[in-house]
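Structure record follows, encoded as structure tokens.
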Number of protein chains: 2
Amino acid sequence: MIPNHHYDELVSSYLFYNIDQKVSAYVKDHPDAKLYKMGIGDVTLPLADVVIKALHEGVDDQSKKATFHGYLPEVGADFLREAVQGHYKERGVDLDIGEIFVSSGASDELSHILNLFDKKNSALVMEPAYPAYVDANVMEGREIIHLPSSRDNGFLPMPTDDLKADLIYICSPNNPTGAVFNKEQLKAWVDYANAHNSVIIFDAAYECFIADPELPHSIFEIPGARTCAIEICSFSKTAGFTGTRCGYTVIGKDLEREGMNLNAMWVRNRTTRSNGVSYIIQKGAAAVFTPEGQEQIQKNIDVYRNNAKVVMAALDELGLWYCGGKNSPYIWMACPDGMDSWTFFDKLLNEAQIVGTPGEGFGDCGEGYFRFSMFGDPDDTKEAARRLVELLK
Amino acid sequence: MIPNHHYDELVSSYLFYNIDQKVSAYVKDHPDAKLYKMGIGDVTLPLADVVIKALHEGVDDQSKKATFHGYLPEVGADFLREAVQGHYKERGVDLDIGEIFVSSGASDELSHILNLFDKKNSALVMEPAYPAYVDANVMEGREIIHLPSSRDNGFLPMPTDDLKADLIYICSPNNPTGAVFNKEQLKAWVDYANAHNSVIIFDAAYECFIADPELPHSIFEIPGARTCAIEICSFSKTAGFTGTRCGYTVIGKDLEREGMNLNAMWVRNRTTRSNGVSYIIQKGAAAVFTPEGQEQIQKNIDVYRNNAKVVMAALDELGLWYCGGKNSPYIWMACPDGMDSWTFFDKLLNEAQIVGTPGEGFGDCGEGYFRFSMFGDPDDTKEAARRLVELLK
């Protein structure tokens with residue numbers, strides 16, 4: 001048996017390992033210290049009441065023979081697909097129910113979806129980026145095209161004539177920068193993809209944080225997207241499902257390449273390679289789209305948005321450059337005084353007990369920047385912001 | 001973008017489509033007919049009380065900030081890995097907790113695991129077989145080696161000197177035949193794999209149906225398995241999780257090929273390509289391994305076992321050849337009077353309103369055989385057995 005030697009090509013993920021090591025060492029030396037954790041993008045508020053109620057009902061259904069559910073459709077339960085369909089309709093996007101697939105979450109799906117594509121395709125990753133885009137493709141032997149972005153283009157790189165890419169990852173609102181493509185910018189990428197027979201993998205995990213009504217939540221708000229884009233969505237940040245696990249994916253029935261229909265291929269993939277997502281979890285996820293669900297998740301999102309306001313006010317007071325925060329749960333700041341991102345990490349940890357994520361971990365062009373996650377406790381966030389000002393003023 | 005053209009090589013899955021078409025047509029013509037469904041291997045009894053209780057507790061934990069769980073370890077929660085570890089210890093198999101991975105179910109995992117292997121490997125499938133073994137590998141361009149089995153070898157084919165195979169699928173107890181490898185037979189496969197640097201993918205989804213104390217539940221009961229086998233397990237049939245979704249996988253830390261450690265590769269795979277399984281579901285799954293859980297799931301398993309006894313008695317009365325049923329939830333019978341499996345399907349449906357699965361759907365060598373699933377309602381199973389005798393006597 002020949003193992004998949006592409007794993008040898010992976011760069012060890014020093015980022016989170018190093019953070020763990022440094023934080024553990026600090027805690028060992030300072031056992032009583034309280035840390036202000038703004039590193040990992042993990043939610044902290046409990047699930048919405050209406051979701052909890054639906055999850056309990058789902059469990060109860062599994063306790064009685066009359067309401068028990070065995071295998072569900074591999075592509076997702078109709079009740080959840082219809083709820084997603086209604087959600088898109090509200091924002092003016094008409095989808096056939098057969099274009100919606102329930103998933104076990106965006107990170108899983110970003111991996112599974114790669115089975116649709118030949119290994120010879122190149123994958124374009126706009127950096128700084130979520131490291132798994134690169135790693136999942138390296139594991140399959142695909143060439144990675146790193147497209148760096150910078151403060152000059154607002155961390156929103158645009159396609160150019162000399163660009164050649166088969167798969168194009170777009171994460172908007174972006175992790176880690178919080179930058180959001182507007183409709184014209186996204187249209188340029190859609191036009192590029194249609195002109196070059198590329199396929200866009202649109203990671204919409206953070207769309208619920210968009211506050212500006214002009215910004216697109218879905219790539220399917222852009223004309224032409226149906227023939228070039230796959231949209232991968234998650235309940236993780238929208239409804240606090242990071243530990244509960246559910247998501248959904250949209251593939252238009254008119255997405256075809258070389259005579260093959262990607263929607264039909266995905267149906268075949270799911271029915272062969274999966275037995276679908278837990279009935280209980282799908283019941284809970286469907287409750288997110290009820291009017292009460294939408295109201296309740298919004299309250300949690302607003303808590304995280306307020307966290308962002310608190311940190312943005314601190315950075316404004318300090319006169320430091322940052323982006324994100326307004327339409328995103330991440331704030332991406334320039335390290336002060338030209339510090340590199342690990343030096344700044346050490347300074348924050350040692351002098352203010354704040355844990356963030358060094359930008360270098362998201363690609364070379366992230367060096368000199370730093371990511372704060374806004375998913376923490378509001379009181380802790382206020383104290384962290386106060387400490388930030390005190391430390392850097 | 002070049003799509004994965006291996007999808008063009010897939011044979012359309014006529015089996016279940018054809019069954020659906022025939023059943024639908026029958027129901028249309030006979031709207032009041034009651035059908036006796038023994039086709040799909042899907043459980044019908046509700047989850048054990050102790051599992052339901054744990055699931056409710058898991059939901060409650062997600063409703064309060066103090067007990068809320070965000071991201072869990074991608075490889076599985078320690079509480080569930082420890083429960084699995086204890087379960088193996090009871091059957092005399094010592095595992096390190098780092099050798100146990102929680103999965104979203106065996107069918108998903110059978111697909112995900114393929115990422116560890118180069119596309120150039122051949123995959124040996126002992127037929128008749130679960131069709132997804134073949135299809136998942138065809139999708140990745142691997143050569144399939146079909147190893148047919150027959151009544152002559154009890155549907156338990158053994159390795160021969162001229163065999164050349166890199167990946168070896170073993171499903172024991174087998175779907176669809178119900179045949180179970182004994183320890184010596186399994187040892188022969190383990191020895192073959194170690195001698196030829198092959199890797200065995202051992203599908204243990206039906207191990208809980210083994211009644212004979214001499215038969216192995218796990219390939220890790222066989223000396224030498226740690227250096228050649230990956231075991232894929234499921235709560236689906238064991239604890240009725242077909243619609244609740246959870247499983248676990250064992251990869252020994254000493255499984256290496258060409259200098260690469262497959263356990264370490266799988267850790268890297270999971271941390272890159274997944275965010276793990278729902279906390280709620282893992283809570284429920286862990287309850288399966290409590291003493292009450294083991295007792296309660298056994299009651300459900302016994303119901304299905306009794307179904308098998310009822311059907312076996314009917315086949316014995318008819319003097320028809322079959323295997324399975326004793327250590328398996330499937331009974332695999334020879335179609336009477338040399339009938340082909342689709343003719344027998346039509347006869348059962350039209351003349352006795354019984355739905356089964358034609359053996360031809362599990363590979364060419366399944367022609368002339370027929371699979372009954374024992375997961376149905378006990379009263380329905382009794383009536384189906386009565387009709388079977390009446391029809392064929």
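Every chain is numbered from 1, with letters handed out A, B, ... down the list of sequences.
Residue A:K119 places its NZ atom among more than 12 non-hydrogen atoms of other residues, nucleotides or ligands, all under 6.0 Å distant. Under a cut-off of 6.0 angstrom, the local environment of CD1 in B:I40 is sparse, with at most 12 non-hydrogen atoms contributed by other residues, nucleotides or ligands.
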Worksheet item: Under the salt bridge (Lys or Arg N to Asp or Glu O under 4.0 Å) criterion, do B:R268 and A:D135 qualify, and how do the steps go?
Response: CA-CA 10 Å; B:R268 186 63 202 256; A:D135 288 351; 2.9 Å; yes

Worksheet item: Would A:T227 and A:N194 count as a side chain to side chain donor-acceptor pair (under 3.5 Å) if you check the C-alpha gap in whole Å, the side-chain angles of each, and the deciding distance to 0.1 Å?
Response: CA-CA 7 Å; A:T227 52; A:N194 279 321; 2.8 Å; yes

Worksheet item: Going through the distances and angles, do A:N261 and B:Y7 end up as a side chain to side chain donor-acceptor pair (under 3.5 Å)?
Response: CA-CA 10 Å; A:N261 183 293; B:Y7 280 59; over 6 Å; no

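Between chain A and the options B:N275, B:T44, B:I280, B:L47, the largest number of non-hydrogen pairs under 4.5 Å is found for B:N275. Interface summary for chain B: among A:E258, A:R245, A:Q282, A:R273, the most heavy-atom pairs under 4.5 angstrom belong to A:R273. Annotation: maximal heavy-atom pairing with chain B below 4.5 Å, among A:T272, A:L167, A:L55, A:N115, occurs at A:N115. Of the listed residues B:G259, B:S274, B:G243, B:A106, the one with more heavy-atom pairs under 4.5 angstrom with chain A than any other is B:G243. Chosen from B:A165, B:A136, B:A132, the residue pairing most often with chain A at heavy-atom distances under 4.5 Å is B:A136. The greatest number of non-hydrogen atom pairs below 4.5 Å with chain B, out of A:L110, A:L116, A:V43, A:L262, is found for A:L116. Interface check for chain A: of the options B:D49, B:L114, B:I52, B:L72, the most heavy-atom pairs under 4.5 Å are formed by B:I52. When B:E109, B:E74, B:M260, B:K65 are compared by the number of non-hydrogen pairs under 4.5 Å with chain A, B:M260 comes out ahead. Of the residues considered (A:C228, A:A264, A:S278, A:S236), A:S278 shows the highest number of contacts with chain B, using heavy-atom pairs under 4.5 Å. Ranking B:T271, B:V199, B:N197, B:T244 against chain A, the residue ahead of the rest is B:T244, based on heavy-atom pairs under 4.5 Å. Interface remark: of the candidates A:R257, A:Q62, A:H56, A:H5, A:H56 forms the most heavy-atom pairs closer than 4.5 Å to chain B.
Looking at A:V277, the atoms closer than 4.5 Å to chain B (heavy atoms on both sides) all sit in the backbone: N, CA, C or O. Both the backbone and the side chain of A:N269 come within less than 4.5 Å of a heavy atom in chain B. Residue contact with chain B, scored on non-hydrogen atoms closer than 4.5 Å, is absent for A:H6. Residue A:I281 touches chain B through its side chain alone, counting heavy-atom pairs closer than 4.5 Å. Only the side chain of A:E140 comes within less than 4.5 Å of a heavy atom in chain B; its backbone stays farther off. For a residue to count as touching a neighbouring chain, one of its non-hydrogen atoms must lie under 4.5 Å from one of that chain's; by this rule A:H69 touches chain B with the backbone only. At a 4.5 Å heavy-atom cutoff, the contact between A:K64 and chain B is made by backbone atoms alone. For A:S104, no part sits under 4.5 Å from any heavy atom of chain B, backbone or side chain. Looking at A:M265, both its backbone and its side chain come within 4.5 Å of chain B, counting heavy atoms on both sides. Contacts between A:D60 and chain B at a heavy-atom distance below 4.5 Å involve backbone atoms as well as side-chain atoms.
Side chains of B:D203 and B:Y130: no donor on one and acceptor on the other come within 3.5 Å.
Taken from CD1 in B:I232 to OG in B:S111, the straight-line distance is 10.0 Å, to the nearest 0.5 Å. Here the NE2 atom belonging to B:H196 is positioned 15.0 Å from the CE atom belonging to A:M1, to the nearest 0.5 angstrom.
In this structure the side chain of A:V51 reaches within 4.5 angstrom of the side chain of A:F241, judged on heavy atoms. Counting only heavy atoms from C-beta outward, the side chains of B:Y71 and B:Y279 never approach each other to under 4.5 Å.
Between A:W189 and A:Y192, the ring planes lie perpendicular to each other; the angle is over 60°, past the 30° to 60° tilted range.
The pair B:D166-B:K120 fails the salt-bridge criterion, with no side-chain N (NZ, NE, NH1 or NH2) lying under 4.0 Å from an Asp/Glu carboxylate O.
Between the side chain of A:N121 and the backbone N or O of B:I2 there is at least one donor-acceptor pair closer than 3.5 Å.
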